[in-house]
Q: 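Take a look at this one; I'll ask things after.
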Amino acid sequence: KVSYHGVKILGTMQSRDDAFVKEWLRTKLEKHERLFRRLEMLPPNQALVILRKCTVPRMAYLARTHKPSVMKAVCAEFDKSVTRITEMIVDAPSPFSREADILLHLPPCDGGMGITRTEWVQEPAYTSSRDMALGFREQDQRTRVKVMNGRLSAEVDLLGQVSRAHRHACSIKHALLWGDAPSEYFPPAEFSAYVRWRTMITDPTLASLNTCPGCHTTMPATEFHVHRPGCACLRTHNATTTHNSVNRAVQSLCARSGTDYTHEPRYKDYKPPQSRIGDHHHNEGPDLTVHFGKPLTVDFKGINVSCASYSARSIKSVEREKETASRQLYESHCTAAGQDFAVPCFYLTGGYNVAFEHLVKQLCDQRPETLSARTELAKLSVRVARAVGRICLHHGGWKTAGSWRKE
C-alpha cells in the first residue's frame with residue numbers, strides 16, 4: 001500500500017504528494033514570521049548578522065532539498081520578509097536598484113553582503129544536490145551557484161568602471177568583518193549609512209551631475225556616491241578624520257597590549273612637506289612608532305579604491321603606489337634612527353593589507369592570553385565603517401532615520 005503522506009528526513013519533507021509538501025513548507029514559513037518580527041526590533045548591526053548567518057541559510061537549505069516547483073511560492077514569500085528586514089537595516093525603502101539587489105545578494109567573496117536571494121539560487125542549488133545524490137558529480141551545488149553569482153557580478157561590472165571597482169573593493173579579505181561584530185558599539189544611523197554606501201543605495205536627492213563641496217569636482221551620481229568618504233577636503237568629517245580614528249584605535253591597542261608607542265614621531269634631519277587639507281595646511285610625517293624589541297614606525301594609509309581616480313587600476317597597484325610614496329619620504333630617516341618602517345593600509349570598503357594585519361598580530365602577541373588578532377581587526381573594521389557612515393550622513397542623504405516610513 002502506497003502512502004501519499006510524507007516522511008521528515010534531516011529537516012526536509014520527502015513525499016510524492018506535492019500538495020502535502022507545499023502545505024508543510026507553508027507551515028515552516030509561518031514559523032519564521034516570529035523570527036522576522038524579532039529581527040525588526042534589533043539594532044541593524046545585530047539583525048544583519050542573524051539574517052545572514054541564521055535566517056537565510058535555513059530557507060536556502062530547504063530550497064536545496066525540495067523541488068523548485070514546490071519551493072517557488074515559499075521562496076518568494078520568504079524573500080519578501082527578508083526585504084522587509086533589509087529595509088530596516090539600510091534605513092531605506094524598496095524596491096532597490098538592480099545593482100543594489102545584486103550587491104545585497106552576492107556573497108562577501110564576490111563583493112556582496114551575503115543576504116542570499118533564495119528565489120535566485122533555488123533551481124541551481126536543487127539541481128546540483130539532486131545530481132550529486134544520483135552520482136553525477138561533474139558540478140557540485142556550490143559551483144553551480146557560483147556560476148550564477150559570477151553572471152550577476154558581471155552584470156554589475158558592466159554598469160561602469162566605478163561600479164566594477166567598488167564591487168572588487170568590497171570583495172577584499174576581511175571586507176565584511178565590521179558586519180560580523182555585533183557586540184561592538186555601532187550607532188544605527190551610521191551602520192545603515194555605511195551599508196547603503198557599500199551596496200550602492202544612492203541618495204535619492206542626488207542629481208545626474210553633482211559637485212563635491214570639498215574638492216569642487218563635478219561628477220555623475222554613482223561616482224559622487226563612492227567619492228565622498230575618500231575626499232580629504234570635506235569639512236568636519238572626511239578621509240582625514242577616518243585616518244585619525246584608525247591611528248587612535250591602534251594606539252589604544254598598543255596600550256592594552258602593554259607596548260609603548262610614540263605619536264607622530266619626527267626626526268632631526270627631516271623637513272616635513274606641507275599638504276593642504278580643507279582650509280588649512282599641516283606638516284606630513286609618519287603616524288606612529290611602536291616600541292617593539294626593534295622599534296617599528298608606521299604610516300597608515302586609508303584607500304578608497306572605488307573612486308574614479310583609481311577605478312581603472314588594480315587594488316595592488318594603488319597600494320604599491322601609496323607605499324612607495326611613503327617609503328621615499330620617511331624610510332631613510334627611520335632606518336638611520338635604527339627603526340623598521342611599514343605602510344599598513346586599510347580600505348574604506350573594509351579589509352587590510354598584509355602589513356596592517358601583521359602589525360595587529362604583533363601587538364596581540366604581546367598579550368596572547370587577553371588579545372585576539374581577529375577580534376582586534378574586527379574592532380578596527382568597525383572604526384573605519386563608523387567613520388565612513390558619519391561622512392555619508394554629514395555630507396548629504398538619508399539624514400533622518402526612518403524618514404521614508406509611513407506613519
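Note that the structure is a prediction, hence the values are computed from the model and not measured. Both backbone and side-chain heavy atoms feed into the values below; hydrogens, waters and symmetry mates do not.
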Q: Assess the residue pair R256 and E376 against the criterion (salt bridge (Lys or Arg N to Asp or Glu O under 4.0 Å)); give the C-alpha distance rounded to whole Å, side-chain angles, the decisive distance to 0.1 Å, and a yes or no.
A: CA-CA 11 Å; R256 286 182 287 120; E376 296 304 323; 2.9 Å; yes

Q: Please indicate whether R390 has more than 12 foreign heavy atoms, meaning atoms of other residues, nucleotides or ligands, lying under 6.0 Å from its CZ.
A: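 It does: R390 CZ has more than 12 such atoms within range.
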
Q: If I compare all heavy atoms of C75 with all of A63, which pair ends up nearest, and what's the gap?
A: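 For C75 versus A63, the nearest heavy atoms are SG-CB, 4.3 Å.
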
Q: With a 4.0 Å cut-off on N to O distance, would you call K146 and D110 a salt bridge?
A: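 The answer is no: the pair does not qualify as a salt bridge.
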
Q: Is the shortest side-chain heavy-atom distance between V318 and Y347 below 4.5 Å?
A: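 The answer is no; the side chains never approach within 4.5 Å.
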
Q: Quick one: are the ring centres of F191 and F186 less than 6.0 Å apart?
A: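 F191 vs F186: aromatic centres under 6.0 Å.
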
Q: Hey, are the side chains of F346 and L380 touching, using non-hydrogen atoms and a 4.5 Å cut-off?
A: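 No, too far: nothing below the 4.5 Å cut-off.
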
Q: In Å, rounded to the nearest 0.5 Å, how long is the span from NZ of K316 to CZ of R320?
A: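 It is 8.5 Å, given to the nearest 0.5 Å.
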
Q: Any donor-acceptor pair under 3.5 Å linking the side chain of S163 with the backbone of D157?
A: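 The answer is no, because no donor-acceptor pair under 3.5 Å joins these two groups.
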
Q: Do Y126 and K67 have side chains that get closer than 4.5 Å, going by heavy atoms?
A: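 Side-chain contact under 4.5 Å: yes.
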
Q: Would you call R98 and E155 a salt bridge, using N to O less than 4.0 angstrom?
A: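 Yes.
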
Q: Does the distance from a Lys or Arg side-chain N to an Asp or Glu carboxylate O, for K361 and E357, drop under 4.0 Å?
A: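 The answer is no: the pair does not qualify as a salt bridge.
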
Q: Counting C-beta onward and ignoring hydrogens, is there a side-chain heavy-atom pair between F224 and T202 closer than 4.5 Å?
A: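 Side chain of F224 against side chain of T202, heavy atoms only: no contact under 4.5 Å found.
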
Q: In Å and rounded to the nearest 0.5 Å, what is the SG to CZ distance from C254 to F292?
A: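 Output value for this atom pair is 6.5 Å.
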
Q: Determine, stepwise, if the pair L371 / T375 fulfils side-chain contact (heavy atoms from CB on, under 4.5 Å).
A: CA-CA 8 Å; L371 296 175; T375 300; over 6 Å; no

Q: Given side chains that start at C-beta, do those of R386 and W178 come closer than 4.5 Å, heavy atoms only?
A: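 Side chain of R386 against side chain of W178, heavy atoms only: no contact under 4.5 Å found.
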
Q: For the side chain of H166 and the backbone of R198, is there at least one donor-acceptor N/O pair under 3.5 Å apart?
A: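 Yes; at least one donor-acceptor contact below 3.5 Å.
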
Q: Where do L25 and V21 land on the side-chain contact (heavy atoms from CB on, under 4.5 Å) test, with the steps shown first?
A: CA-CA 6 Å; L25 290 169; V21 177; 3.9 Å; yes

Q: Between the side chain of R196 and the main-chain N/O of V90, is any donor-acceptor distance below 3.5 Å?
A: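 Between the backbone of V90 and the side chain of R196 there is a qualifying donor-acceptor contact (under 3.5 Å).
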
Q: Between V382 and N45, is a side-chain contact (heavy atoms from CB on, under 4.5 Å) present by the stated rule, with each step listed?
A: CA-CA 10 Å; V382 170; N45 62 323; over 6 Å; no

Q: Charged N to carboxylate O under 4.0 angstrom, E321 versus R313?
A: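 R313 and E321: salt-bridged.
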
Q: I would like to know whether S314 and S317 meet side-chain hydrogen bond (donor to acceptor under 3.5 Å, both in side chains); could you show each step before the answer?
A: CA-CA 5 Å; S314 71; S317 72; 3.3 Å; yes

Q: Report the relative orientation of the aromatic rings in F300 and F356; use parallel for angles under 30°, tilted for 30 to 60°, perpendicular for over 60°.
A: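 Geometry flag for F356 against F300: tilted rings.
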
Q: Check T241 against T236 and note the closest heavy-atom contact, atom names and distance.
A: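 Heavy atoms of T241 and T236 come nearest at CG2-O, 3.2 Å.
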
Q: Under a 3.5 Å cutoff, is there a donor and acceptor pairing between the side chains of D299 and S326?
A: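 Yes, a side-chain donor-acceptor pair sits under 3.5 Å.
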
Q: Let me confirm one number: the CG-CG distance from N304 to L348, rounded to the nearest 0.5 Å.
A: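 Going from the CG atom of N304 to the CG atom of L348 covers 4.5 Å.
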
Q: Using atom types as modelled and distance alone, determine if a side-chain donor or acceptor of Y352 lies under 3.5 Å from a backbone N or O of L377.
A: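 A pair under 3.5 Å: yes.
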
Q: For G112, is there any backbone N or O sitting under 3.5 Å from a side-chain donor or acceptor partner on R167?
A: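 Absent.
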
Q: Hey, is the main chain of A308 close enough, under 3.5 Å, to the side chain of S311 for a donor-acceptor pair?
A: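 Pair found, side chain donor or acceptor close to backbone of A308.
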
Q: Does a donor on one side chain sit under 3.5 Å from an acceptor on the other, for N149 and H105?
A: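 The criterion, which ignores hydrogens and geometry beyond distance, is satisfied for H105 and N149.
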
Q: Using a distance-only test with no angle check, is there a side-chain donor-acceptor pair under 3.5 angstrom linking T83 and S94?
A: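 Not at all, the side chains of T83 and S94 share no donor-acceptor pair under 3.5 Å.
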
Q: So that I can tick it off, tell me whether D180 and R52 are bridged by a salt bridge, with the cut-off set at under 4.0 angstrom between side-chain N and carboxylate O.
A: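 A salt bridge links R52 with D180.
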
Q: Without swapping roles, check the side chain of H66 against the backbone of L62 for a donor-acceptor pair under 3.5 Å.
A: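 Present.
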
Q: Do V226 and M200 come within less than 4.5 Å of each other through their side chains, counting heavy atoms only?
A: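 Heavy-atom side-chain distance check passes, below 4.5 Å.
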
Q: Is it true that the side chains of H291 and T259 contain a donor and an acceptor less than 3.5 Å apart?
A: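 Side-chain D/A pair, H291 to T259: absent.
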
Q: Treating E77 as the side-chain partner and A73 as the backbone partner, does any N or O pair qualify as donor plus acceptor under 3.5 Å?
A: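 Side chain of E77 to backbone of A73: no pair is present.
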
Q: Atom CD of residue position E184 - does it have more than 12 heavy atoms of other residues, nucleotides or ligands inside 6.0 Å?
A: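 Atom CD in E184 is crowded, with more than 12 foreign heavy atoms closer than 6.0 Å.
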
Q: Measuring from atom NE2 of H263 to atom CG of N247, what distance do you get when rounded to the nearest 0.5 angstrom?
A: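 H263 atom NE2 to N247 atom CG measures 6.0 Å (nearest 0.5 Å).
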
Q: Is it true that D287 and H243 share a donor-acceptor pair across their side chains at a distance under 3.5 Å?
A: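 On atom types as modelled, these side chains qualify, holding a pair under 3.5 Å.
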
Q: To the nearest 0.5 Å, how far apart are CD1 in I201 and SG in C392?
A: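 Answer rounded to 0.5 Å: 12.0 Å.
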
Q: In the structure I gave you, are the side-chain heavy atoms of M59 and V74 within less than 4.5 Å of one another anywhere?
A: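 Counting from C-beta outward, M59 and V74 do come under 4.5 Å.
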
Q: Do H32 and F78 have ring centroids that are under 6.0 Å from one another?
A: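 Yes, the ring centres sit under 6.0 Å apart.
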
Q: What I'd like to find out is whether the side chain of P108 reaches to under 4.5 Å of the side chain of S171, using heavy atoms alone.
A: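 They are not in side-chain contact.
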
Q: What do the steps show when you test I391 against L234 for side-chain contact (heavy atoms from CB on, under 4.5 Å), and what is the final call?
A: CA-CA 9 Å; I391 294 170; L234 293 170; 4.2 Å; yes

Q: Rounded to the nearest 0.5 Å, what separation is found between the CE atom of M219 and the CG atom of L206?
A: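 Going from the CE atom of M219 to the CG atom of L206 covers 11.0 Å.
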
Q: Kindly say whether V82 contributes a backbone atom to a donor-acceptor pair with the side chain of D79 at under 3.5 angstrom?
A: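 Not a single qualifying donor-acceptor pair exists.
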
Q: For the residue pair R38 and F36, would you count it as a cation-pi contact if the rule is NZ or CZ under 6.0 angstrom from the ring centre and within 45 degrees of the ring axis?
A: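 No, a cation-pi geometry is absent between R38 and F36.
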
Q: Would you indicate whether R58, at its atom CZ, is surrounded by more than 12 heavy atoms from other residues, nucleotides or ligands within a distance under 6.0 Å?
A: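 It does not: R58 CZ has 12 such atoms or fewer within range.
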
Q: Report yes or no: does T211 contribute a side-chain atom to a donor-acceptor pair with the main-chain N or O of H216 at less than 3.5 Å?
A: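 Such a contact is absent between T211 side chain and H216 backbone.
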
Q: When you check the gap from the basic side-chain N to the acidic O, do R84 and E33 get nearer than 4.0 Å?
A: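 Looking at E33 together with R84, the answer is yes, because their closest N to O distance falls below 4.0 Å.
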
